[in-house]
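Have a look at the structure below, then the notes.
Hydrogens, waters and symmetry mates play no part in the numbers below; they use all other heavy atoms, side chains included. The first residue in the sequence is number 1, and the count goes up from there.
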Amino acid sequence: MLRETCRQGREWLDAGLPPLRLAVNLSPQQFLHSDIRAEVTKTLRETGFPAHLLELELTESALMKREKEAIQILHNLHDLGVHLAIDDFGTGYSSLAYLKLLPLDVLKIDRSFIEDIPHHTDDMEITATIIAMAKNLRMRVIAEGVETAEQLAFLKTRQCDLYQGFLTSAPLCALEFSEFLAAYRRERSQPAA
């Protein structure tokens, strides 16, 4: 998946699409039981995809296994210039003291906290707290599973950086995404009526 993502990203750059940061999920086994730094380095070199446009996502559970080793692996990956994200934040048992030691760029709020906004106050408070904490740790925040305009409006009031979900689009194959992006760019460049 890493190789295909970088290959596709390079193809889109060569076709003139704007630079897009592409994310790849790493499994705990891949992260802890392989030389992931060497694999990422080799893949970036062979595909020609820029490191700063690659984001590697790990779950809390992957990071909590063998904590000291995980910190070193993350620093080695970060030194390559790739961005690092913690995925599904809030669903695991990560220590906040441990979180501050990790060289993370992005925190992704799990969809389970987003899906009941604006109907459950607790989910709104938890989401707002996660966003504030991530901002204080100088991380970008992505909300997963955004499906309604009300959810997006709430996230905007809390300065959430980005979102993903069906509100914008269902998952797309590479060709459909290229077409979607072209249409989106045309729509954004049209003067308001």
Side-chain angles (χ1 to χ4, degrees), residues 1-27 30-31 36-59 62-63 73-89 102-111 114 130-131 134-135 137-149 151-153 155-156 158-192:
M1 189 53 66
L2 175 65
R3 180 170 304 287
E4 177 56 21
T5 299
C6 292
R7 186 206 60 76
Q8 182 63 66
R10 181 75 254 172
E11 185 177 305
W12 282 334
L13 288 171
D14 292 344
L17 269 68
L20 299 169
R21 185 165 299 138
L22 302 180
V24 175
N25 289 309
L26 295 180
S27 73
Q30 186 179 22
F31 178 66
I36 191 63
R37 185 181 199 276
E39 185 64 32
V40 170
T41 301
K42 179 181 175 190
T43 301
L44 292 171
R45 186 177 357 92
E46 290 176 355
T47 62
F49 189 65
H52 72 278
L53 295 178
L54 178 63
E55 184 169 284
L56 300 175
E57 297 181 357
L58 299 121
T59 61
L63 296 175
I73 294 169
L74 288 176
H75 279 287
N76 290 340
L77 289 169
H78 207 257
D79 289 345
L80 295 175
V82 301
H83 290 258
L84 300 171
I86 186 166
D87 196 13
D88 300 331
F89 185 79
L102 302 173
L104 297 170
D105 303 292
V106 178
L107 188 144
K108 296 182 75 173
I109 303 172
D110 187 70
R111 68 178 299 116
I114 306 300
I130 291 171
I131 292 169
K135 294 287 187 177
L137 293 171
R138 294 167 302 287
M139 292 184 216
R140 286 184 313 129
V141 183
I142 300 174
E144 299 178 309
V146 177
E147 297 182 2
T148 69
Q151 292 166 339
L152 180 58
L155 293 166
K156 283 182 176 181
R158 296 301 189 262
Q159 286 80 46
C160 185
D161 298 301
L162 301 166
Y163 73 94
Q164 61 188 58
F166 283 90
L167 180 61
T168 299
S169 175
L172 302 170
C173 71
L175 177 59
E176 291 170 328
F177 177 75
S178 297
E179 294 167 355
F180 170 84
L181 184 59
Y184 179 80
R185 290 177 71 197
R186 280 193 304 272
E187 182 180 301
R188 299 279 300 220
S189 67
Q190 298 293 325

Taking Thr5 as the fixed residue, which of Thr43, Val24, Thr47 is the one that meets the side-chain contact (heavy atoms from CB on, under 4.5 Å) rule? Val24
Nearest 0.5 Å, what's the [atom1]-[atom2] distance between [X] and [Y]?
| X | Y | atom1 | atom2 | answer |
| --- | --- | --- | --- | --- |
| Leu56 | Phe31 | CG | CZ | 9.5 Å |
| Tyr163 | Leu152 | OH | CG | 5.0 Å |
| Ile36 | Leu2 | CD1 | CG | 6.5 Å |
| Leu13 | Leu53 | CG | CG | 6.0 Å |
| Leu17 | Gln8 | CG | CD | 9.0 Å |
| Glu147 | Leu167 | CD | CG | 8.5 Å |

If we ignore hydrogens and angles and just use 3.5 Å, is the side chain of [X] paired with the main-chain N or O of [Y] as donor and acceptor?
| X | Y | result |
| --- | --- | --- |
| Asp87 | Glu57 | no |
| Thr168 | Gln164 | no |
| Gln151 | Thr148 | yes |

Charged N to carboxylate O under 4.0 angstrom, Glu46 versus Arg7?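 Salt bridge: no.
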NZ/NE/NH1/NH2 to OD/OE distance under 4.0 Å, Glu55 and Arg140: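 Yes, charged N to carboxylate O under 4.0 Å.
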So, do [X] and [Y] sit near enough that their side-chain heavy atoms are less than 4.5 Å apart?
| X | Y | value |
| --- | --- | --- |
| Val106 | Val141 | no |
| Ile109 | Ile142 | no |
| Glu144 | Asp110 | yes |

Counting only heavy atoms from other residues, nucleotides and ligands, does the tally under 6.0 Å from CZ of Phe180 exceed 12? yes
